[in-house]
Amino acid sequence: MAAPTDAAPSPKLHTRLRLWEFADRYLFEPVDGLADLLLSVSRTNGSMNLVEQLPPRGPSTNPKARIVFGVMGVLKLAAGSYCLVITDRDCVGSYMGHAVFKITGLKVLPCHTASSPEQKKMDKEFLELLDAAERSIGLYFSYETNLTLTLQRLYDLGDKFKALPLWRQAEPRFLWNGYLLEPLIENKLDQYLLPVIQGSFQNIHAEVRSEKVNVTMIARRCTRRIGTRCWRRGADPEGNAANFVESEQIMQSKGFTASYVQVRGSMPFLWEQIVDLTYKPSFDVVRVEEAARVLERHFHDLQKKYGAVVAIDLVNSSGAEGRLYKRYEQSIEPILSEDIRFIHFDFHKICGHIHFERLSQLYDQIEDYLKKHKYFLLNEEGKKTEEQTGTVRTNCIDCLDRTNVTQSMVGRKILESQLQRLGVLGANDTISNYPAFDADYKVLWANHGDAISTQYSGTPALKGDFVRYGKRTTQGILNDLWNALARYYLNNFADGTKQDAMDLLQGHYVSSVSQDTAVPGKPGALQSFRVALALVLCAAIFMMISLRQARNDLRHLVVALVCALLCIGIMLYVKKNGRRFCNRPRLFLSRH
């Protein structure tokens with residue numbers, strides 16, 4: 001793409017900083033030669049300002065120093081402020097000639113002094129959540145280019161827009177650290193304002209019939225209803241869908257650049273699935289009367305951003321999923337038109353667990369739509385010759401496993417049509433005719449799906465072996481079993497804390513030192529699943545011991561009966577009160 005010509009470029013972002021930890025402040029010293037001013041952050045109240053030099057150092061002031069690679073932002077809470085810095089990064093490829101980095105290390109720096117016992121208690125609670133925040137995965141950034149916008153959107157906005165500071169260019173939906181950057185924006189610290197996305201970024205390089213082909217996959221996760229698998233379902237009243245991810249596939253060959261964008265997201269009306277220790281908690285549609293309004297708002301927003309939309313629903317036609325499908329179908333019917341289409345494709349019924357090649361039946365239904373709305377294409381001179389005028393929106397229940405298999409099929413068909421147009425592939429040629437390219441492309445989409453799945457559910461995508469190898473394998477089926485069990489554990493016993501950490505970092509919830517809005521305490525022992533399980537195991541052991549002794553003394557039979565009744569009673573109590581034994585989010589005050 002052409003470089004800006006009629007606008008002065010914005011100041012470059014700092015790429016390396018030396019962090020000095022003094023007793024009263026943190027100092028960030030640029031060591032990349034871009035500026036001589038240092039950023040000072042108070043350790044008392046989190047206030048920030050630029051200073052010209054380091055304070056004098058002596059035997060009594062011997063600060064720790066380390067290299068960091070950027071300031072993620074500052075989180076302001078009732079207990080005080082916390083500064084997040086990038087301690088490690090890996091270069092994972094390039095995006096239109098600019099280096100892209102994955103964050104592999106985060107550090108939380110407390111910027112306050114807890115005085116009262118209440119503040120110290122809250123500080124401890126929030127630090128536990130921020131420990132989870134330090135383990136956030138799938139975070140990517142570039143010091144030189146905007147990762148939050150599609151190529152088509154960037155091109156259409158023009159050179160003046162691209163000359164703005166990166167944070168001003170950023171699409172708010174996909175700016176993962178938007179809330180954290182607010183204090184830096186207030187202090188006009190443009191050279192420290194580093195936009196970060198959550199999602200996925202991968203490149204592959206191939207050679208097809210002597211032509212070089214580069215393919216890049218970018219996933220951008222929307223932050224408006226960000227969360228974990230069972231604590232964020234459906235949409236909010238504003239139409240923001242859970243697990244909404246924009247996937248852009250970019251191809252470069254023979255001097256041309258093409259991209260195609262498709263999206264995924266939870267069924268866009270109000271519904272939930274609250275964990276309760278059962279393997280598949282029930283689905284509940286909330287405020288049924290608002291379903292059509294929320295769905296219409298969601299699709300209106302999609303149309304403004306992507307043009308026409310074909311919504312592909314992959315859930316089961318019957319059972320619990322079937323009830324959601326019928327609600328979706330009824331709610332979308334009033335807005336169906338030439339620009340909004342709805343296709344229901346019962347993935348499990350048609351494809352089963354192994355016949356994913358039957359997805360060709362779905363492609364037959366959308367082929368005309370894909371050809372009509374095309375893709376974005378730049379020629380050798382960087383001029384737009386085609387634009388994408390519509391997108392595909394895909395969902396299943398989680399928008400992970402079935403969705404990724406389906407999206408990879410759509411992406412493959414689009415890529416083949418692009419390569420055929422450029423003459424890299426013959427008119428009836430397919431990617432599968434080039435084994436090395438085919439294998440790399442499958443791995444690209446498998447990694448893409450695994451990254452999105454791990455961020456939402458805690459495990460890689462199920463059915464990933466088909467995306468990765470083009471067929472179901474015994475090892476893949478065993479991996480799916482293990483990942484399904486891992487999801488069960490994480491959803492029930494870990495995701496509540498993770499959800500709180502996400503909400504804090506996104507500014508969806510605020511904290512106060514008042515009793516009503518302070519972080520609630522953890523569940524007591526009677527609500528602990530571990531205690532209940534330990535009681536059941538102890539009672540079962542005593543029952544077995546007593547049964548073995550019963551032949552010598554009938555009193556042991558009575559003891560065994562009492563232990564058995566205790567086991568049954570505890571298990572019935574746990575089953576009836578399953579939700580109380582799960583790890584639930586504890587923040588509940590909306591920022592708005």
Side-chain angles (χ1 to χ4, degrees), residues 90 92-93 100-104 135-140 147 174 176 196-204 215-222 226-230 232 242-250 261-266 314 347 351 353-354 356 359 394-412 415 438-491 494-495 498 502:
D90 286 337
V92 293
V100 174
F101 297 90
K102 180 178 182 180
I103 296 174
T104 55
R135 298 190 294 273
S136 297
I137 58 175
L139 302 178
Y140 296 85
L147 297 181
F174 302 125
W176 187 85
V196 174
I197 65 168
Q198 185 177 45
S200 171
F201 183 94
Q202 281 108 23
N203 292 111
I204 61 170
V215 183
T216 300
M217 282 296 307
I218 304 178
R220 305 175 180 97
R221 178 175 296 282
C222 181
I226 197 169
T228 57
R229 180 171 174 249
C230 284
R232 285 294 178 271
N243 199 23
F244 186 88
V245 179
E246 178 184 88
S247 296
E248 183 176 18
Q249 177 179 278
I250 301 167
V261 176
Q262 51 186 320
V263 298
R264 68 178 76 191
S266 193
L314 302 172
F347 189 101
C351 299
H353 294 289
I354 56 175
F356 295 169
L359 276 171
T394 309
N395 77 268
C396 47
I397 291 296
D398 297 329
C399 306
L400 298 176
D401 315 317
R402 289 171 278 185
T403 295
N404 204 60
V405 173
T406 303
Q407 284 198 335
S408 68
M409 178 271 292
V410 174
R412 175 178 287 257
L415 181 59
D438 184 49
D440 288 346
Y441 185 72
K442 287 173 181 172
V443 171
L444 180 77
W445 265 99
N447 291 341
H448 182 79
D450 285 348
I452 294 170
S453 177
T454 303
Q455 292 156 25
Y456 187 56
S457 72
T459 75
L462 308 186
K463 305 176 179 68
D465 53 335
F466 179 80
V467 180
R468 195 174 295 273
Y469 306 115
K471 61 181 180 180
R472 294 247 61 184
T473 64
T474 302
Q475 184 61 49
I477 294 171
L478 292 175
N479 288 342
D480 283 358
L481 176 61
W482 171 257
N483 287 331
L485 294 174
R487 285 184 183 181
Y488 172 82
Y489 173 81
L490 293 170
N491 296 163
D495 280 353
K498 185 178 176 182
M502 289 181 176

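Distance check: D90 CG to T104 OG1 gives 4.5 Å after rounding to the nearest 0.5 Å. Put simply, OG1 on T228 and CZ on R487 are 12.5 Å apart, with the number rounded to the nearest 0.5 Å. Rounding to the nearest 0.5 angstrom, the gap separating the CD atom in E248 from the CZ atom in R220 is 4.5 Å. Distance CG/L481 to CG/L462: 10.0 Å, rounded to 0.5 Å. In this structure, CG on L139 lies 15.0 Å from CZ on F101, to the nearest 0.5 angstrom. A distance of 6.5 Å separates CG in L314 from OG1 in T394, rounded to the nearest 0.5 Å.
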Q.
side chain to side chain contact (heavy atoms under 4.5 Å, CB included) for N447 and R468? Distances and angles first, verdict last.
A. CA-CA 8 Å; N447 291 341; R468 195 174 295 273; 3.3 Å; yes
(Q) side chain to side chain contact (heavy atoms under 4.5 Å, CB included) for L490 and S457? Distances and angles first, verdict last. (A) CA-CA 8 Å; L490 293 170; S457 72; over 6 Å; no
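For the residue pair T459 and R229, no side-chain donor N or O sits within less than 3.5 Å of a side-chain acceptor on the partner.
Within the 4.5 Å cutoff, the side chain of S136 has heavy atoms near those of the W176 side chain. You'll find the side chain of Q249 stays beyond 4.5 Å of the side chain of L444, heavy atoms only. Residues Y456 and R221 form a side-chain contact, since some pair of their non-hydrogen atoms from C-beta on lies under 4.5 Å apart. A heavy-atom distance below 4.5 Å is not found between the side chains of I452 and Q407.
A parallel orientation is assigned to the rings of F244 and F174, their planes being inclined by less than 30° (bins at 30° and 60°).
The two residues A219 and V245 make their nearest non-hydrogen contact at CB-CG1, 3.9 Å. Nearest approach of P460 to D450, heavy atoms of both residues: CB-OD1, 3.5 Å. Contact record, R402 with C396: NE-CB, 3.6 Å, taken as the closest heavy-atom pair. Residue W445 comes nearest to N404 through the heavy atom pair O-ND2, 3.2 Å, listed as atom of the first residue, atom of the second, then distance. Considering every non-hydrogen atom in both R232 and I226, the closest pair reads CG-O, 3.5 Å. What you find for Y441 and G411 is that their closest heavy atoms are OH-C, 3.0 Å.
Note on R412 versus D438: salt bridge recorded, some NZ/NE/NH1/NH2 to OD/OE distance being below 4.0 Å.
Applying the side chain to side chain contact (heavy atoms under 4.5 Å, CB included) test between L400 and each of D398, I397, T403 identifies D398 as the sole match.
S408 places a side-chain N or O within 3.5 Å of a backbone atom of V405 that can act as its donor or acceptor partner.
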